[in-house]
Amino acid sequence: NFASSSRLQSLPTAHACPLSALEYSPDSSLLLSCSSDALQLWDTRATVAAPAAVATHALRRPASLILSRVHPAWTSLLLATSEALEVRELRRSAAAATASRPASV
């Protein structure tokens with residue numbers, strides 16, 4: 001997976017603004033990237049050739065992201081912007097959740 005490879009890697013993101021937070025889930029299966037324009041949730045078990053952003057949430061502009069905190073259970077994200085406090089659910093899209101499940105035998 002892209003998180004455990006020893007090679008230097010880069011992942012293209014949907015962020016147009018600089019990142020203000022980057023955090024792994026406790027089991028390292030997910031990576032959250034935050035900027036003032038978007039939040040992206042990544043599946044770290046995806047391959048380098050096909051990195052998987054399992055969820056992307058656009059943030060309203062021109063708000064500035066001031067603070068982001070992930071719930072300890074990784075179920076939600078608290079955002080403090082220049083305009084409001086927001087709580088966003090951190091859920092994988094149905095397609096991404098299905099694709100990451102092992103095949104039944």
Side-chain angles (χ1 to χ4, degrees):
N1 69 28
F2 74 78
S4 64
S5 173
S6 60
R7 298 181 321 151
L8 178 62
Q9 301 168 44
S10 63
L11 298 171
T13 71
H15 298 285
C17 296
L19 292 180
S20 58
L22 196 60
E23 190 170 345
Y24 278 106
S25 63
D27 66 357
S28 298
S29 66
L30 298 171
L31 176 66
L32 176 72
S33 58
C34 301
S35 69
S36 60
D37 68 326
L39 309 170
Q40 281 195 287
L41 192 62
W42 300 85
D43 182 349
T44 61
R45 295 168 295 203
T47 64
V48 176
V54 296
T56 299
H57 301 285
L59 296 177
R60 281 182 270 141
R61 289 190 147 194
S64 297
L65 182 63
I66 299 167
L67 178 73
S68 62
R69 291 289 182 258
V70 180
H71 186 277
W74 270 70
T75 55
S76 60
L77 177 67
L78 171 66
L79 302 169
T81 70
S82 57
E83 295 179 346
L85 291 175
E86 295 183 34
V87 176
R88 301 273 181 121
E89 277 189 278
L90 290 178
R91 291 194 298 174
R92 296 173 184 220
S93 67
T98 302
S100 66
R101 273 192 224 127
S104 301
V105 178

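Annotation: side chain of Leu32 is in contact with side chain of Leu41 (closest heavy-atom distance under 4.5 Å).
In this structure, CG on Leu85 lies 9.0 Å from CD1 on Ile66, to the nearest 0.5 angstrom.
Remark: Ser33 engages His15, Leu19, Leu22, Gln40, Trp42 in a side-chain contact (heavy atoms from CB on, under 4.5 Å) (not counting sequence neighbours). Applying the side chain to side chain donor-acceptor pair (under 3.5 Å) test to Thr13 and every residue at least two apart in sequence or in another chain returns nothing.
Counting all heavy atoms, side chain and backbone alike, Leu65 lies closest to Ser20 at CD2-OG, 3.1 Å. A pairwise comparison of heavy atoms in Ser68 and Cys34 identifies OG-SG, 3.9 Å as the closest pair.
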Kindly list each side-chain donor-acceptor pair under 3.5 angstrom involving residues 71-81, sequence neighbours excluded, with atom names and distances?
unit_1 : atom_1 : unit_2 : atom_2 : d
His71  : ND1    : Ala73  : N      : 2.9
Thr81  : OG1    : Glu83  : N      : 3.1
Thr81  : OG1    : Ala84  : N      : 3.0
Thr81  : OG1    : Ala84  : O      : 3.1

